[in-house]
Engineer: 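Before anything else, here's the structure in question.
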There are 2 protein chains.
Amino acid sequence: MESVVRTRLIVLDQAQAPGVCQSCDARSISVCSAIDGKDLHRLASLATVQQVGAGKTFINEGDPADHFYNLTQGTVKLFKLLPDGRRQITGFSHRGDFLGLAVSHSYAFSAEAVDQVRVCRFSRSALRRVMDDFPALEKRLLDVASNELVAAQEQMLLLGRKTARERVASFLMAQEKRLSLCGHEMPDALELAMTRGDIADYLGLTIETISRTFTRLRNEGLIAILAADQVRILDHDGLAELADGFSE
Amino acid sequence: MESVVRTRLIVLDQAQAPGVCQSCDARSISVCSAIDGKDLHRLASLATVQQVGAGKTFINEGDPADHFYNLTQGTVKLFKLLPDGRRQITGFSHRGDFLGLAVSHSYAFSAEAVDQVRVCRFSRSALRRVMDDFPALEKRLLDVASNELVAAQEQMLLLGRKTARERVASFLMAQEKRLSLCGHEMPDALELAMTRGDIADYLGLTIETISRTFTRLRNEGLIAILAADQVRILDHDGLAELADGFSE
DNA sequence: CGGGTAGTTGATGGTCATCAAGGGGGGTGG
DNA sequence: CCACCCCCCTTGATGACCATCAACTACCCG
């Protein structure tokens with residue numbers, strides 16, 4: 001329910017040097033991996049690196065969709081608002097993710113930094129020209145969009161048909177899965193970058209229900225709460241069954 | 001809550017004749033419009049036309065995603081199921097829509113014909129080769145996916161944060177918008193192809209709540225219900241405000 | 001120490017689900 | 001042609017889950 005603050009952004013680098021993309025540690029896991037070695041300087045010449053502080057909104061729903069973003073560091077929440085302040089977080093983006101896919105002339109969502117964030121910004125028109133020359137990039141974007149679509153459908157099932165317990169269980173399973181996929185070695189506890197409020201607005205619940213549900217899952221021995229933002233999954237299978245809607 | 005029935009499909013035409021695509025009245029509004037005149041025979045050679053009867057499921061969640069589909073006639077509901085039968089309809093597809101976007105090896109959703117349906121089926125691998133030769137097709141698909149993503153985000157807001165009244169109002173507004181976009185002249189009432197059960201599973205509610213909410217909107221003078229599947233919007237602005245979450 | 005933010009827990013209430021009964025239309029078969 | 005059935009829809013009664021309101025704790029940072 002926070003107010004949306006228009007943010008002035010820190011522009012770090014109007015990157016003319018090819019190094020900006022070459023040395024990017026997020027490139028291999030992002031759509032930019034579709035462009036290789038010698039063509040990279042073209043991409044770099046279009047990119048603008050920006051830093052966004054925690055809590056700052058850098059995409060506003062309804063604004064002209066002039067830019068694409070590639071997230072190279074930090075976590076971002078994407079959300080939509082109703083006039084009275086009700087908020088639905090449609091997803092969290094992480095290092096390597098691509099933001100701003102929208103056909104229409106304006107953004108369909110807002111984006112706010114959860115922690116310290118670094119993004120690579122491309123002008124829409126410029127990137128469109130690059131895409132014309134590199135079909136591989138377009139193919140990659142189609143894959144990205146398809147994956148997000150699958151995730152969105154899963155989230156619709158969650159929001160429309162799952163109970164509070166099932167939603168929280170699903171959320172925790174998804175957090176763990178994300179770590180196991182792109183993470184290096186498995187930490188012994190999940191680090192939740194987002195607040196209870198964020199989780200609530202993501203799962204279509206309230207802060208209190210999130211809190212109570214965490215407590216209940218802890219009392220049932222399914223999870224351990226080391227700190228508010230540190231959750232360890234104790235009964236992996238039990239939580240998975242709950243998330244998938246098997247338990248009664 | 002219906003059970004999923006594996007369906008034998010009627011294969012109409014292993015279309016070798018180029019005419020199948022050339023004469024297709026859905027081509028202009030579908031992704032196939034990205035392919036023009038002389039290349040159309042290649043598309044046609046890959047296509048298989050199928051008829052699907054109302055209520056038949058022709059894509060099953062979890063099955064190997066071997067095919068893409070292009071809907072040339074009728075209405076299809078896409079949905080996901082939980083083990084105990086809870087169902088979430090993630091969307092309805094109409095003439096010209098493209099089905100089966102999925103990166104993974106298996107479908108993330110099921111698809112069932114609402115009424116008599118005709119689809120054009122392409123093998124995944126074959127279409128991938130066509131896409132390599134026609135980047136315009138891929139571009140078109142990216143647009144399709146982006147649009148669906150925007151719709152999915154809107155639906156997440158609806159499912160996570162809107163009241164029953166707001167959901168039904170949103171649904172009606174969306175129905176009308178779809179007609180005004182691709183429809184010819186405006187009929188004086190919306191024709192709902194789907195049942196109350198379908199609407200309920202689409203909006204994350206129950207049949208009874210849908211019915212009650214329709215009745216209430218009628219008593220408030222916002223809509224008129226000519227028949228169960230014939231709804232006329234009386235107070236367009238009022239319904240729009242309700243849908244967008246303005247009313248108290 | 002004080003203030004602010006985030007989280008937890010309790011009491012109460014509302015919205016919508018569930019359970020139950022009845023009405024209406026379309027199809028089939030006697 | 002009518003009876004019957006089945007499905008869809010509607011309406012009412014009750015109840016559960018989660019939201020809301022409220023109080024309290026913990027923690028961070030000044």
Side-chain angles (χ1 to χ4, degrees), chain A residues 1-3 5 54-55 77 82 84-88 114-115 158-169 171 191-219 223-231 242 245 247-248, chain B residues 1-3 53-55 77 82 84-88 114-115 158-169 171 191-219 223-231 242 245 247-248:
Chain A
M1 304 292 176
E2 296 115 83
S3 64
V5 182
K77 52 190 175 198
L82 288 173
D84 61 1
R86 280 175 286 173
R87 183 177 71 159
Q88 179 64 41
V114 172
D115 45 21
L158 181 149
L159 292 170
R161 289 302 180 210
K162 288 187 183 178
T163 66
R165 284 180 82 217
E166 290 167 347
R167 294 184 199 199
V168 171
F171 171 74
E191 286 236 0
L192 305 180
M194 63 291 287
T195 67
R196 296 288 187 268
D198 289 339
I199 300 174
D201 284 347
Y202 181 53
L203 301 181
L205 299 168
T206 59
I207 294 183
E208 296 92 328
T209 299
I210 299 297
S211 184
R212 271 188 257 272
T213 307
F214 269 123
T215 303
R216 185 168 162 205
L217 293 177
R218 169 169 57 72
N219 292 342
I223 62 172
I225 302 174
L226 314 182
D229 62 344
Q230 299 270 338
V231 176
L242 184 53
S247 323
E248 74 288 5
Chain B
M1 303 290 177
E2 296 115 84
S3 63
K77 52 190 174 198
L82 288 173
D84 61 1
R86 280 175 286 173
R87 183 178 70 161
Q88 179 64 40
V114 172
D115 44 20
L158 181 149
L159 293 171
R161 290 302 180 211
K162 289 187 183 177
T163 66
R165 285 181 81 218
E166 290 167 347
R167 294 184 200 198
V168 171
F171 172 74
E191 286 235 1
L192 306 180
M194 63 291 288
T195 67
R196 296 287 187 268
D198 289 340
I199 300 174
D201 284 347
Y202 180 53
L203 301 181
L205 299 168
T206 60
I207 294 182
E208 295 93 329
T209 299
I210 299 295
S211 184
R212 272 188 256 270
T213 307
F214 269 123
T215 303
R216 184 165 164 208
L217 293 177
R218 169 170 59 70
N219 292 342
I223 63 173
I225 303 174
L226 314 180
D229 63 344
Q230 299 269 339
V231 176
L242 184 52
S247 323
E248 74 292 1

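Residue numbers begin at 1 in each chain, while the letters A, B, ... track the order of the sequences.
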Engineer: Kindly give the heavy-atom pair with the smallest separation between A/F214 and A/V231, and that separation in Å.
Structural biologist: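 Looking at all heavy atoms of both residues, the closest pair is CE2-CG2, 4.1 Å.
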Engineer: Taking side chain as C-beta onward, heavy atoms only, is A/L159 less than 4.5 Å from A/Q88?
Structural biologist: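 When only atoms from C-beta onward are counted, A/Q88 and A/L159 do touch, with a gap below 4.5 Å.
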Engineer: Would you mind checking if A/R86 and A/D201 are paired as a salt bridge, meaning a charged N to carboxylate O distance below 4.0 Å?
Structural biologist: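 A/R86 and A/D201: not salt-bridged.
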Engineer: In this structure, how many angstroms lie between the P atom of C/dC19 and the CD atom of B/E208, rounded?
Structural biologist: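 Going from CD in B/E208 over to P in C/dC19 covers 10 Å.
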Engineer: Quick one: B/D229 CG to D/dC9 C1', roughly how many Å, whole number?
Structural biologist: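 Roughly 11 Å, once rounded to whole Å.
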Engineer: What is the separation between atom CD1 on A/I199 and atom C1' on C/dA6, rounded to the nearest whole Å?
Structural biologist: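 A/I199 atom CD1 is separated from C/dA6 atom C1' by 12 Å.
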Engineer: Please check: side-chain N/O of B/R161 versus main-chain N/O of A/L205, any donor-acceptor pairing under 3.5 Å?
Structural biologist: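 Yes, because the side chain of B/R161 sits within donor-acceptor range (under 3.5 Å) of the backbone of A/L205.
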Engineer: Could you check whether any side-chain N or O of B/S211 sits under 3.5 Å from a backbone N or O of B/I207, counting only pairs where one atom can act as donor and the other as acceptor?
Structural biologist: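 No, the answer is negative, given that no donor and acceptor are paired below the 3.5 Å cut-off.
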Engineer: Say you draw a straight line from CG of A/D198 to CD1 of A/I210; how long is it, rounded to the nearest 0.5 Å?
Structural biologist: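 Atom-to-atom, A/D198:CG and A/I210:CD1 are 10.5 Å apart.
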Engineer: A/T163 or B/R218: which one's nearest nucleotide on DNA chain D is closer to the 5' end?
Structural biologist: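 Nearer the 5' end of the strand: B/R218.
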Engineer: Roughly how many Å is it from CD1 in B/I210 to P in C/dC16, rounded to a whole number?
Structural biologist: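 Nearest whole value for this atom pair: 11 Å.
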Engineer: Would you indicate what B/S211 reaches in the nucleic acid, counting non-hydrogen atoms under 4.0 angstrom: base, sugar-phosphate, or nothing?
Structural biologist: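 Result for B/S211 = base.
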Engineer: Rounded to whole angstrom units, what separation is found between the CG atom of B/L192 and the P atom of D/dC9?
Structural biologist: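 Roughly 10 Å, once rounded to whole Å.
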Engineer: Nearest to the B/R196 side chain among D/dT10, C/dT8, C/dC16, which nucleotide is it?
Structural biologist: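 Among D/dT10, C/dT8, C/dC16, the one nearest the side chain of B/R196 is D/dT10.
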Engineer: Find the distance B/E166:CD to C/dC16:P and express it as a whole number of Å.
Structural biologist: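 B/E166 atom CD is separated from C/dC16 atom P by 9 Å.
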Engineer: Return the angle between end axes of the helix from C/dC1-D/dG30 to C/dG30-D/dC1, with five pairs used per end and rounding to 10°.
Structural biologist: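 About 30° separates the two local helix axes.
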Engineer: Would you say B/T209 reaches C/dC16's phosphate, i.e. side-chain N/O to OP1/OP2 under 4.0 Å?
Structural biologist: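 False: B/T209 side-chain N/O out of range (4.0 Å or more) of C/dC16 OP1/OP2.
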Engineer: Is there a donor-acceptor pair under 3.5 Å between the side chain of A/R196 and the backbone N or O of A/A228?
Structural biologist: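 Yes.
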Engineer: Measuring from the side chain of A/R212 (C-beta onward, heavy atoms only), which nucleotide among D/dC18, C/dA11, D/dT11 has the closest atom?
Structural biologist: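 Taking heavy atoms from C-beta onward, the closest nucleotide is C/dA11.
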Engineer: To the nearest angstrom, how far is A/L226 atom CG from D/dC27 atom P?
Structural biologist: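 Atom CG in A/L226 sits about 14 Å away from atom P in D/dC27.
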Engineer: Send over the distance from A/R216 CZ to C/dT9 C1', rounded to a whole Å.
Structural biologist: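 Whole-Å distance recorded here is 15 Å.
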Engineer: Given D/dC18, C/dT9, C/dG7, which nucleotide is nearest the side-chain atoms of A/A228?
Structural biologist: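 Between D/dC18, C/dT9, C/dG7, the one nearest the side chain of A/A228 would be C/dG7.
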Engineer: Counting heavy atoms from C-beta on, name the nucleotide in D/dT11, D/dC18, C/dT8 closest to the side chain of A/I207.
Structural biologist: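 When the side chain of A/I207 is considered, C/dT8 is the closest of D/dT11, D/dC18, C/dT8.
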